[in-house]
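Some notes on the structure that comes next.
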Protein chains: 2
Amino acid sequence: MPQKNFDEIRELDLFSKLKDESFSKLMRGAYFKQFPPQIELIDEGDSADFLHILTSGAVELFSRWENRETTLATVFPISTFILAATMTDLAYLMSARTLEKSQIILIPSEDVRAVFSEDRDFANAIVLELARCYRGVVRTTKNLKLRSASERLANHLLVLHKRMDRRNSLTLPYEKRRLASYLGMTAENLSRTFTLLAENGVEVHGKEVVISDLGKLEAFARPTSLIDG
Amino acid sequence: MPQKNFDEIRELDLFSKLKDESFSKLMRGAYFKQFPPQIELIDEGDSADFLHILTSGAVELFSRWENRETTLATVFPISTFILAATMTDLAYLMSARTLEKSQIILIPSEDVRAVFSEDRDFANAIVLELARCYRGVVRTTKNLKLRSASERLANHLLVLHKRMDRRNSLTLPYEKRRLASYLGMTAENLSRTFTLLAENGVEVHGKEVVISDLGKLEAFARPTSLIDG
DNA sequence: CAAACTAATTGATAAACATCAATTACAGTT
DNA sequence: AACTGTAATTGATGTTTATCAATTAGTTTG
């Protein structure tokens, strides 16, 4: 198992304050796997045997019901995913698939729970991470219930803009159909919503989005920290 | 502060395995307050100074954005609410109001965090509770994104039915307009959806709901444990 | 118990959004 | 560069859901 990746994940909020002993205990039982694109890593309903850490590539969390499917999140390096199922030893509620070739570290859930009980700093980090995830999903719910599709898109663009160091030009980090699913609309509707936003300070060329009039976009989106962070 | 309520909340999952010492530490700084109906307890954005425990009455968690409002949850005794904000020392993401006359115990967030660091069993309980809440909101998101309004109503009735000991007759524990808001639809649409469900084994008279044909309702709702628990 | 208020329902209409089909754009392969 | 498969867009249409207005039912209050 390459040392490089150990150093990387050691930096994660979840592990940074960990005793070396605890960290080794976690890594001792860990698998380090490489996956090609479009591999289904997790099928919702499976038992949560491993905590997953994505160190390179990209992973989509999604869910299916009655031949419908929706994207719940896109995970980029370096992040953990499905921590809650790991901690409660319950079935995964989301499925996961790689979007690109991805490197993933798999830590047995038992080990995570064991170190959680032994190491106070780890327990603290886990709670903060869980609370952060929880608050993220609460924001998502508010977004879905309080806003229309075009408002969700506008605000999402503002979030990306902020994340991209407030540059007025940005590249969508995923396919449009996945963005549409994430925002709770169809790809067709997303496309039409983009043309609507042309009158509100947004220009789109393929995956390139230019925010030509930030003021207009903000006036349309009316972002709030209580939804958009 | 009446002893009666201490005994009650001692039974909560969150406190049941707690050392007596830790429990007293939490209760030492706690306020015990009675509120009339329709009092706004929390305004989203406020700092999370207290963990709330509802011991009698009912509380609605809701959120507002741009003169729209949506119900996120209804809390019944005995439950805690807004644990995540308490643990992270961040602003509340939801507002809260009493629906009825309610008794609420307020524990200073600092005390909760202090006992969390000292008492391993409490830390465990907190993590399980947070994970449970998180998974609850993930289910909500899946419900909203994967199902139509009528499917959400049908499944919600099945959840209530199960909770009410599987009796074929049940009383809605909240007003219909709140149910509508919770399910992400208007009151008018809820009303029409109830008439639609008449052909699928459901009879409604005011707040009384009779499930006259469970098989039909289930065939329509297609419940799954991965959304409905 | 009537008055006054609020919630729930119903009908008519409009807006938002999805679906289906057809085309265009793009990316990867040979 | 032509071929192939997938993604994105566009147009036509249909469904779902919201809005507005009016009425009815149900609760609370004096």
Side-chain angles (χ1 to χ4, degrees), chain A residues 36-38 58 60 65-71 74 97 99-101 143-156 171-200 202-209 220, chain B residues 36-38 58 60 62 65-71 74 97 99-101 143-154 156 171-200 202-209 220:
Chain A
Q38 302 301 330
E60 179 182 29
W65 182 75
E66 294 285 325
N67 92 358
R68 295 167 218 176
E69 185 179 309
T70 191
T71 300
T74 311
R97 70 163 76 92
L99 294 176
E100 311 164 8
K101 185 174 139 183
N143 199 29
L144 284 169
K145 292 181 79 178
L146 291 167
R147 285 174 172 162
S148 69
S150 54
E151 288 165 342
R152 294 198 293 275
L153 175 58
N155 279 291
H156 189 70
T171 307
L172 296 175
Y174 17 63
E175 292 165 293
K176 284 188 183 154
R177 69 200 180 105
R178 286 180 213 285
L179 175 58
S181 178
Y182 174 70
L183 292 174
M185 58 176 116
T186 57
E188 293 94 326
N189 195 26
L190 176 70
S191 190
R192 288 185 246 269
T193 305
F194 266 125
T195 52
L196 175 83
L197 287 188
E199 289 141 38
N200 291 283
V202 177
E203 284 164 39
V204 191
H205 317 92
K207 290 195 167 187
E208 294 303 307
V209 176
F220 179 85
Chain B
Q38 302 300 332
E60 180 181 28
F62 65 100
W65 182 74
E66 293 285 326
N67 93 357
R68 296 167 218 176
E69 185 179 309
T70 190
T71 300
T74 311
R97 69 163 78 92
L99 295 176
E100 312 165 7
K101 185 174 140 184
N143 199 28
L144 284 169
K145 292 182 79 178
L146 289 168
R147 285 173 173 163
S148 70
S150 53
E151 288 165 341
R152 293 198 294 274
L153 174 58
H156 188 71
T171 307
L172 296 175
Y174 18 63
E175 292 165 292
K176 283 187 183 156
R177 68 199 180 107
R178 286 181 213 285
L179 175 59
S181 178
Y182 173 71
L183 293 174
M185 57 176 115
T186 58
E188 294 93 325
N189 195 26
L190 176 69
S191 190
R192 288 185 247 269
T193 305
F194 266 125
T195 52
L196 175 83
L197 287 188
E199 289 141 38
N200 292 283
V202 177
E203 284 164 37
V204 191
H205 317 93
K207 289 195 166 186
E208 295 303 309
V209 176
F220 179 84

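Here the CG atom belonging to A:Leu183 is positioned 14.0 Å from the CZ atom belonging to A:Arg178, to the nearest 0.5 angstrom. Atom CG of residue A:Leu179 and atom NZ of residue A:Lys207 lie 10.0 Å apart, to the nearest 0.5 angstrom.
Rounded to whole Å, the distance from CG on A:Leu153 to C1' on C:dA16 is 15 Å. Protein atom CG of B:Leu197 is 13 Å distant from nucleotide atom P of C:dT9, rounded to whole Å. Rounded to whole Å, the distance from CD on A:Glu151 to C1' on C:dA16 is 12 Å. Atoms NZ (A:Lys207) and P (D:dT9) sit 11 Å apart, rounded to a whole Å. Spacing between atom OH of A:Tyr174 and atom C1' of D:dT6 amounts to 21 Å, rounded to whole angstrom units. At whole-Å resolution of the value, CG in B:Leu172 and C1' in C:dA7 are 13 Å apart. Between the CZ atom of B:Arg147 and the C1' atom of D:dT17 there is a distance of 18 Å, rounded to whole Å. As rounded to whole Å, 7 Å separates atom P of D:dT9 from atom CG of A:Leu190.
When the side-chain nitrogen and oxygen atoms of A:Lys176 are compared with OP1 and OP2 of D:dT9, one or more of them lie within a distance under 4.0 Å.
Side chain of B:Thr70 to main chain of A:Leu146: no donor-acceptor pair is present (N/O by atom type, distance under 3.5 Å, no hydrogens or angles). Using a distance-only test at 3.5 Å, with no hydrogens or angles considered, no donor-acceptor pair links the side chain of A:Ser191 to the main chain of A:Glu188.
The two residues B:Leu99 and B:Pro37 make their nearest non-hydrogen contact at O-CB, 3.6 Å.
If you check the side chains of A:Thr74 and A:Glu60, you find no donor sitting under 3.5 Å from an acceptor.
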Contact state string [nucleotides 18-30 of chain C, B base, S sugar-phosphate only, - no protein heavy atom under 4.0 Å]: SBB----------
